**Q** 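This is the structure I have questions about; it appears just below.
In listed order, ligands and their atoms are each counted from 1. What you see is a predicted model; the values in this text were computed from it and never measured. This chain uses plain numbering: 1 for the first residue, then up along the sequence.
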Amino acid sequence: MSKILSNTELANIADEFGTPLYVYDADKIKEQYNKLTTAFKNTDTVFFYACKALTNINILQYIKSLGANVDCSSINEVKLALHAGFSPERILYTSNGIAFSEIEEAKDLGVIINIDSLSNLEKFGKKYGHSYPVGIRLRPNIMAGGHLKISTGHAKSKFGIPVDQADKIISLVEKYNIHINDLHIHTGSEIEDVDVFVKGIEVLFDIIPKFKELEVIDLGGGFKVPYKKGDTETDINLLAQKVNELFASHPNPGGKHLQVWFEPGKFLVSECGYFITKVNVIKESGDTTFAGVDSGFNHLIRPMFYDAYHRIENISNPNGEEKIYSVVGNICETDTFAWDRKLNEVREGDYLVFYNAGAYGFQMSSNYNSRLKPAEVLVENGKAKLIRQRDVFEDLLKNQVI
Ligand code: LLP
């Protein structure tokens with residue numbers, strides 16, 4: 001939970017750009033990326049940034065400059081990645097539940113594709129045969145992740161082709177001579193226990209021998225980062241060690257070398273992000289004091305949607321007496337960011353900062369209640385640069401047929 005931007009820096013940025021405001025610290029992204037590449041330096045491992053976490057073009061370009069590739073979850077993310085300058089061979093499209101036309105589009109753009117259903121695999125085989133290497137997303141039937149809503153590999157999950165249907169996959173691969181070069185799994189988000197990845201690899205080891213042209217196993221994303229004081233993050237060094245040991249003890253049948261891919265989202269961009277709000281109203285009510293900020297779950301949905309904990313600090317009064325507050329938004333329904341949270345005395349006009357706001361913060365924001373989406377700022381080389389304008393009223397009318 002390292003904190004890189006100081007209270008003064010954050011307050012100055014908020015004074016300059018207004019609130020509510022998302023602020024991202026490029027150095028923190030670099031620090032996280034370096035942790036990954038350092039831990040896996042003696043292995044053939046490639047990292048694809050799961051850009052659904054935060055797709056601002058400036059962030060994509062910064063992450064590209066670090067040397068990472070990019071993982072996309074829609075054709076539009078693929079197009080954003082191309083727009084940011086990633087070459088197609090550095091773009092992975094891990095699809096789920098999509099129309100075949102989107103796979104055709106991705107193929108025409110020349111990006112790497114993971115297919116997640118038997119029906120799309122069959123359509124792919126019929127149309128392209130052996131001509132275009134493709135990956136398969138498998139569902140390993142492993143329960144993992146920090147919340148049921150972000151668990152994706154368990155036996156009731158919609159994601160991937162259930163691994164117990166391997167025979168069906170093989171018969172399609174043989175029938176159409178499909179070139180399978182990658183097997184993919186992603187079991188969930190906020191996985192602290194590295195043995196989850198070990199289990200996933202073991203599941204894959206059982207079926208790897210059936211795919212003669214395999215070059216890659218893709219273990220998805222899901223590394224945990226600390227949100228609360230005292231939280232730990234996934235031990236990336238231990239993970240690298242275990243992955244190495246597993247590969248050393250299971251030489252690939254056929255003697256072929258396999259590259260390992262990961263798709264980290266939160267690990268790269270969660271902690272780089274600060275969401276700065278301003279307190280509009282203090283309301284006393286029985287034994288509760290509400291601190292009402294100039295935002296709501298339309299801007300940061302994680303607490304209401306996943307019961308997520310985001311650390312909050314009153315950067316305007318860091319030495320004020322500690323009191324208990326419920327931090328709430330201004331949306332016209334219950335939108336509590338934090339229940340009974342100890343904060344330094346909060347006064348109207350103070351800046352409250354939410355930490356870990358880089359991943360799935362702005363990206364999941366909306367215009368609910370016809371509120372405007374916040375601006376975004378990137379701090380790089382000590383300079384704060386506006387990377388997204390705050391919405392203006394006209395944005396609410398855009399696309400409406402009047
Ligand atoms: N790869 C695939 C195929 C994924 O579905 C995801 C996330 C990732 C990689 C990146 O996972 P990460 O490293 O960020 O945990 N909105 C939720 C998280 C949803 C994650 C969806 N898939 C949240 O705010 O907690």
**Q** Tell me the protein heavy atom at minimum distance from atom 25 (O) of ligand 1, and give that distance in Å.
**A**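 Going atom by atom, the protein heavy atom closest to atom 25 (O) of ligand 1 ends up being Lys266 NZ, 2.6 Å.
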**Q** Evaluate Lys79 against Glu105 for salt bridge (charged side-chain N to carboxylate O under 4.0 Å, His left out), listing each step before the verdict.
**A** CA-CA 10 Å; Lys79 290 176 188 169; Glu105 208 178 338; 2.7 Å; yes
**Q** What atoms of ligand 1 come within less than 4.0 Å of a heavy atom belonging to Pro264?
**A**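 It comes down to these atoms of ligand 1: 13 (O).
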**Q** Establish, yes or no, whether a centroid distance under 6.0 Å links the rings of Tyr227 and His310.
**A**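 Yes.
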**Q** Which residue and atom name correspond to the protein heavy atom nearest atom 8 (C) of ligand 1, and how close is it?
**A**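 Protein heavy atom with the smallest distance to atom 8 (C) of ligand 1: His186 CE1, 3.4 Å.
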**Q** Tell me which protein heavy atom sits closest to atom 21 (C) of ligand 1, plus the residue, atom name and distance to 0.1 Å.
**A**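 Ranking protein heavy atoms by distance from atom 21 (C) of ligand 1, first comes Lys52 CD, 4.0 Å.
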**Q** Which word best sums up how the rings of Tyr368 and Phe297 line up, parallel for under 30°, tilted for 30 to 60°, or perpendicular for over 60°?
**A**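 Geometry flag for Phe297 against Tyr368: parallel rings.
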**Q** Should the ring pair Phe247 and Phe205 be called parallel, tilted or perpendicular, given that the plane angle runs from 0 to 90° and is split at 30 and 60?
**A**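 Rings of Phe247 and Phe205: perpendicular, as their planes differ by over 60°.
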**Q** Take the angle between the ring planes of Tyr22 and Phe275 and call it parallel below 30°, perpendicular above 60°, tilted in between.
**A**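 Correct class here is parallel.
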**Q** Please list the nearest protein heavy atom to atom 19 (C) of ligand 1 with its residue and the distance rounded to 0.1 Å.
**A**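 Looking at atom 19 (C) of ligand 1, the protein heavy atom closest to it is Ile150 CG2, 3.9 Å.
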**Q** Taking only heavy atoms of Gly222, which atoms of ligand 1 are found under 4.0 Å from at least one of them?
**A**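 In order of number, 11 (O), 12 (P), 13 (O), 15 (O).
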**Q** Check whether any N or O atom of Gly265, backbone or side chain, sits under 3.5 Å from an N or O atom of ligand 1, and answer yes or no.
**A**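 Gly265 vs ligand 1: N/O contact under 3.5 Å present.
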**Q** Nearest protein heavy atom to atom 15 (O) of ligand 1, by residue and atom, and its distance?
**A**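 Here the nearest protein heavy atom works out to Ser189 OG, 2.4 Å.
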**Q** So that I know where these two stand, are Phe262 and Phe267 an aromatic pair - ring centroids less than 6.0 Å apart?
**A**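 Between Phe262 and Phe267, the centre distance exceeds or equals 6.0 Å.
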**Q** Can you tell me if Ala53 contacts ligand 1 (heavy atom of the residue under 4.0 Å from the ligand)?
**A**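 Under 4.0 Å: no for Ala53.
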**Q** Out of Tyr49, Phe262, Tyr360, who gets a non-hydrogen atom closest to atom 14 (O) of ligand 1?
**A**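 When every heavy atom of Tyr49, Phe262, Tyr360 is considered, Tyr360 comes closest to atom 14 (O) of ligand 1.
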**Q** Return yes if some donor-acceptor pair links the side-chain N/O of Glu102 with the main-chain N/O of Ser74 below 3.5 Å, else return no.
**A**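 It does not hold such a pair.
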**Q** Note the single closest protein heavy atom to atom 16 (N) of ligand 1, along with its residue, its atom name and the distance in Å.
**A**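 Ranked first by proximity to atom 16 (N) of ligand 1 is Tyr306 OH, 2.7 Å.
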**Q** Please confirm whether Tyr274 and Tyr355 have ring centers closer than 6.0 angstrom.
**A**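 Yes, they do, as the ring centres are separated by less than 6.0 Å.
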**Q** How far is atom 1 (N) of ligand 1 from its nearest protein heavy atom, and which residue and atom is that?
**A**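 Its nearest protein heavy-atom neighbour is Glu263 OE1, 2.6 Å.
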**Q** Are Tyr24 and Tyr62 an aromatic pair by the rule of ring centers under 6.0 Å?
**A**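 No - the distance between ring centres of Tyr24 and Tyr62 does not fall below the 6.0 Å cut-off.
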**Q** Tell me the contacting part of Ala50 for ligand 1: side chain, backbone, both, or neither, using a 4.0 Å heavy-atom threshold, strictly below.
**A**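 Side chain only.
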**Q** May I ask you to identify the nearest protein heavy atom to atom 24 (O) of ligand 1, giving residue, atom name and distance to one decimal place in Å?
**A**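 The answer is Arg302 NE, 2.6 Å.
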